[in-house]
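Below is one structure, written out as structure tokens; the observations come after it.
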Protein chains: 2
Amino acid sequence: MAQRKSPTRPRSAAPPRPRDAEQTRSEILHAARVLFATRGYANAGMREIAAAAGITPALVVRYFGSKRDLFIAAIESDIGLGPFLGPDRATVGRHIARYFFSKPVREADTLSILLHAAGEPEVCDLATELLAARVIQPLARWLGPPRAEARAALLLAIISGTWLFRQALPMRAFAGGPDTALASCMAAQLQHVVDGSPEA
Amino acid sequence: MAQRKSPTRPRSAAPPRPRDAEQTRSEILHAARVLFATRGYANAGMREIAAAAGITPALVVRYFGSKRDLFIAAIESDIGLGPFLGPDRATVGRHIARYFFSKPVREADTLSILLHAAGEPEVCDLATELLAARVIQPLARWLGPPRAEARAALLLAIISGTWLFRQALPMRAFAGGPDTALASCMAAQLQHVVDGSPEA
DNA sequence: GTTTTTTGTCAACGGCTGTTGACTTCTACC
DNA sequence: GGTAGAAGTCAACAGCCGTTGACAAAAAAC
């Protein structure tokens, strides 16, 4: 009854979040990318994403519409294989291997997000289409004959398999930096495919 | 009111399931393996597994205790790389490639189940430990020096990456049988690692 | 100074999840 | 024939999920 002047704002000392729509949007996107990449689509909850961004799940919906739309926005970013596809073909294997064995495992990269979409009935198709369009096709075009698409697919498989066991199914055998024996083997294998592997 | 003699069994024409505990148990296990392999741990529900086995979810719990224990039982089966690790080293690459490009994609194999455990907080550790103990270690022992563990890891990465894009993230570039260019390239790559790939 | 729009919170909804306990029904043993 | 126990069904629990609409407050527009 004896309510004094302001029933609103019962909160104690929490400073109200600064109202910056653009930054809030990017914070949501970053939190979503991290959680999609580490836990997968099904295991990354809207409440968890919202909490990581410092806001309320309802606000995530208002910014992105739905969880699926948030996922689509989270993968609208390049995978980053493009920078390696330059004119220097002799060392591209080592450069790619060095890159994937140097980048921090906990980073929110698009490849991890896409690999985690495996089997998810809602987003699996999106992931495969994006991989085909943004990785396989440019890679095959850059490789050229013979068997351009097969060699591009094999490169993607080697990279994905290695990264999977570094990031999502972390195995001891795949740990370590770019100076390990595995990184060296991987570089040699990638280069072997780029150069055009012989018939079996 | 005028209920006649038997209030039980209101079911119409459904024949009561034959009471065979051993077969029921194996049917549950098979259904679980199929669904874990195709949809992943989080997306394979207990009701779905039970329905696929033709029973009730409560019975699944009575047989296996919990979903996690069911998963543990589902991966207690060999991955099947063992048969290739014989004395014939010259053609093992082609044999493995032929095997993975011939086996039906929809089959419930342990490798698919384990790959789908990526990021699942409940079962990720189990999957990595099992892969290390049942694949990496025997493979490294069979390969021998130099860099046995690195080469074993690379073989697992190539196989897993390829199978991932055939089964869980089905891409057009990975479709097709054992006579495709990709299968041939993969065989050559595997053999190259088995023979001991050169330094990068 | 008032109104409108944007930015954010809150409580709740229906639906799905794994799991539980009480209950039937069939089978095998004495 | 009677009974103990195995095999299976059923309904319900608590908890989490994505999503919604009503509301509060800050900022902007008039």
Side-chain angles (χ1 to χ4, degrees), chain A residues 3 5-29 31-32 35-36 39-74 120-123, chain B residues 3 5-29 31-32 35-36 39-74 120-123:
Chain A
Q3 230 168 7
K5 77 177 180 182
S6 164
T8 68
R9 182 73 61 85
R11 88 182 54 130
S12 52
R17 145 175 273 269
R19 301 200 158 204
D20 187 335
E22 197 168 339
Q23 173 167 349
T24 298
R25 186 183 173 90
S26 85
E27 281 176 1
I28 296 172
L29 207 53
L35 285 167
F36 282 149
R39 297 216 216 303
Y41 183 79
N43 289 110
M46 293 288 270
R47 286 168 174 81
E48 204 176 357
I49 295 172
I55 54 162
T56 287
L59 204 56
V60 179
V61 174
R62 260 245 298 262
Y63 271 88
F64 290 93
S66 72
K67 187 181 182 182
R68 188 168 187 274
D69 291 335
L70 175 59
F71 183 86
I72 293 175
E120 300 286 346
E122 282 194 86
V123 294
Chain B
Q3 230 167 9
K5 79 176 178 183
S6 164
T8 67
R9 181 77 59 87
R11 85 183 55 130
S12 52
R17 141 176 278 266
R19 299 197 162 205
D20 186 335
E22 197 168 339
Q23 173 166 349
T24 300
R25 185 183 172 89
S26 84
E27 281 177 2
I28 296 172
L29 208 52
L35 285 167
F36 282 150
R39 297 215 217 305
Y41 183 79
N43 289 109
M46 294 289 269
R47 285 168 175 79
E48 203 177 358
I49 295 171
I55 54 162
T56 286
L59 204 55
V60 180
V61 175
R62 261 245 296 262
Y63 271 87
F64 290 94
S66 72
K67 186 181 182 181
R68 187 168 188 274
D69 291 335
L70 175 59
F71 183 86
I72 293 175
E120 300 284 347
E122 281 194 86
V123 293

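All chains are named by letter (A, B, ...) in the order of the sequence lines, taking the proteins before the strands, and each is independently numbered beginning at 1.
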Between [X] ([atom1]) and [N] ([atom2]), how many Å, whole number?
{"X": "Glu22(B)", "N": "dA6(D)", "atom1": "CD", "atom2": "C1'", "result": "15 Å"}
{"X": "Leu59(A)", "N": "dG21(D)", "atom1": "CG", "atom2": "C1'", "result": "14 Å"}
{"X": "Asn43(B)", "N": "dT17(C)", "atom1": "CG", "atom2": "P", "result": "10 Å"}
{"X": "Leu70(A)", "N": "dC17(D)", "atom1": "CG", "atom2": "P", "result": "15 Å"}
{"X": "Arg62(A)", "N": "dT7(C)", "atom1": "CZ", "atom2": "P", "result": "8 Å"}
{"X": "Lys67(B)", "N": "dC16(C)", "atom1": "NZ", "atom2": "P", "result": "15 Å"}
{"X": "Met46(A)", "N": "dC13(C)", "atom1": "CE", "atom2": "P", "result": "20 Å"}
{"X": "Arg25(B)", "N": "dG8(D)", "atom1": "CZ", "atom2": "C1'", "result": "16 Å"}

Side-chain donor/acceptor of Lys67(B) to backbone N/O of Tyr41(B), under 3.5 Å: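 Checking the backbone N and O of Tyr41(B) against the side chain of Lys67(B), a donor-acceptor pair under 3.5 Å is found.
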
Atom of Ala50(B), atom of Pro57(B) and distance for their closest heavy-atom approach: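 Nearest pair, atom of Ala50(B) first, then Pro57(B): CB-N, 3.4 Å.
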
Contact summary for Arg68(A) and Glu122(A), nearest pair of heavy atoms: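 Heavy atoms only, the tightest pair is NE-O, 3.0 Å.
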
Any donor-acceptor N/O pair under 3.5 Å between dG8(D) base and Arg19(B) side chain: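 Not at all, since no donor on one side and acceptor on the other fall under 3.5 Å apart.
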
Nearest-0.5 Å distance that lies between atom CG in Leu59(A) and atom CZ in Arg25(A):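 Atom-to-atom, Leu59(A):CG and Arg25(A):CZ are 11.0 Å apart.
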
Inter-residue atom distance Ile28(B).CD1 - Met46(B).CE, 0.5 Å rounding: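 Separation between the atoms: 9.0 Å.
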
Taking the side chain of [X] as heavy atoms from C-beta outward, which of [options] is closest to it?
{"X": "Thr56(A)", "options": "dT19(D), dT9(C), dC10(D)", "value": "dT9(C)"}
{"X": "Thr24(A)", "options": "dG8(C), dA12(D), dC10(D)", "value": "dG8(C)"}
{"X": "Ala58(B)", "options": "dT20(D), dT20(C), dA12(C)", "value": "dT20(C)"}
{"X": "Ile55(B)", "options": "dT9(D), dT17(C), dA12(C)", "value": "dT9(D)"}

Sugar-phosphate only, base, or nothing, as touched by Tyr63(B) at under 4.0 Å among non-hydrogen atoms: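 Contact class for Tyr63(B): sugar-phosphate only.
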
Sugar-phosphate, base or nothing in reach of Ala44(A), heavy atoms under 4.0 Å: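 Ala44(A): backbone/sugar contact only, no base atoms under 4.0 Å.
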
